[in-house]
Amino acid sequence: IVALYDLDRLPPEVAALAKQLDGAYTCKGVQLAPTGASTPLTAKLGVKLAVGDAWLQMTLAEPKAHGLTFEDFRTYDPIAKQWMRLQVASSGTRTTWTSLGETGGSWTWDGTATSPSGSMRLRDHETPGDRQIFLWGEALLGGSWQKLYEVTCKR
């Protein structure tokens, strides 16, 4: 059990990612319906180290009434050589994700969301840039991947 709590062995990958992404962002983009209709999406995103600096925490909140809010925690597993991400949302949904990390300037996260209405496979994509992050996500619906949202968050 001591090895599970070895604080001297926190992954340096988490600190490096926090240094790159830490800060407050304003996000603008669109949510997409399976019909192809879109609605504007605006939100605030905060990124910081948390839980003894072992996790990178991302907090997103839409400022509108009943807007989506989520807490997202990610860390690096040096044994599996992959990133792990946990997310809980105001919709009652919880999602677990994995990623092999940054490839060609972008990240791809594969996950499963579970909510009161069932489970769904998801993919999130992130492209960090200078003082911004471009994000977009998709869901496996009816046997094909359909885009759910795209948003650019700027510091």
Side-chain angles (χ1 to χ4, degrees), residues 1-32 38 40-64 67-115 119-140 145-155:
I1 194 161
V2 172
L4 292 176
Y5 299 103
D6 187 351
L7 297 180
D8 293 329
R9 305 188 88 179
L10 292 176
E13 293 85 354
V14 175
L17 185 59
K19 185 176 181 181
Q20 178 186 7
L21 300 179
D22 184 63
Y25 297 79
T26 299
C27 305
K28 293 183 181 182
V30 294
Q31 290 178 309
L32 303 163
S38 67
L41 169 65
T42 60
K44 298 290 183 184
L45 175 70
V47 181
K48 66 181 182 179
L49 280 171
V51 193
D53 294 345
W55 295 81
L56 185 66
Q57 179 182 4
M58 299 178 108
T59 302
L60 181 125
E62 286 185 282
K64 66 183 181 183
L68 178 68
T69 300
F70 68 69
E71 295 290 337
D72 183 300
F73 293 88
R74 58 186 70 185
T75 194
Y76 185 73
D77 180 341
I79 304 299
K81 297 193 183 326
Q82 69 179 4
W83 288 82
M84 183 183 77
R85 182 173 154 205
L86 306 169
Q87 186 180 87
V88 291
S90 58
S91 62
T93 304
R94 64 187 182 280
T95 309
T96 58
W97 312 81
T98 59
S99 175
L100 296 177
E102 184 263 327
T103 302
S106 294
W107 292 66
T108 298
W109 292 91
D110 292 303
T112 301
T114 305
S115 73
S119 295
M120 176 186 311
R121 292 239 353 253
L122 298 173
R123 281 195 303 224
D124 264 7
H125 306 273
E126 302 174 354
T127 305
D130 185 35
R131 303 186 52 77
Q132 73 175 25
I133 308 169
F134 176 67
L135 308 164
W136 67 278
E138 54 191 340
L140 188 59
W145 289 99
Q146 296 182 28
K147 191 180 260 191
L148 298 176
Y149 72 91
E150 74 176 37
V151 62
T152 299
C153 300
K154 297 182 179 186
R155 276 191 265 207

Are any non-hydrogen side-chain atoms of [X] and [Y] less than 4.5 angstrom apart?
X      : Y      : answer
Thr96  : Leu86  : yes
Thr152 : Lys28  : no
Glu138 : Tyr149 : no

Arg155 versus Asp22, closest heavy-atom pair with distance:
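So the minimum-distance heavy-atom pair works out to NH1-O, 2.7 Å.
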
What are the two closest non-hydrogen atoms of Leu100 and Lys81, and how far apart are they?
CD2-O, 4.1 Å

Test of understanding: with side-chain contact (heavy atoms from CB on, under 4.5 Å), list the residues that count as partners of [X], not counting sequence neighbours.
X      : result
Ser119 : Thr112, Thr114
Ala113 : Thr93, Thr95, Leu122
Ala50  : Gln57, Phe73
Leu17  : Gln20, Leu21, Leu56, Arg74, Trp83, Trp107

Under the side chain to side chain donor-acceptor pair (under 3.5 Å) test, which residues partner [X], sequence neighbours left out?
X      : answer
Ser38  : none
Gln31  : none
Ser106 : Thr127
Glu62  : none

Quick one, Asp124 with Leu135, criterion side-chain contact (heavy atoms from CB on, under 4.5 Å). Give me CA distance, side-chain angles, the key distance, then yes/no.
CA-CA 7 Å; Asp124 264 7; Leu135 308 164; over 6 Å; no

Has Met84 got more than 12 heavy atoms of other residues, nucleotides or ligands less than 6.0 Å from its CE?
yes

Only distances under 3.5 Å count here; give the side-chain donor-acceptor pairs of residues 40-48 to other protein atoms, sequence neighbours excluded, each with its distance to 0.1 Å.
| residue | atom | partner | partner atom | Å |
| --- | --- | --- | --- | --- |
| Lys44 | NZ | Thr26 | OG1 | 3.1 |

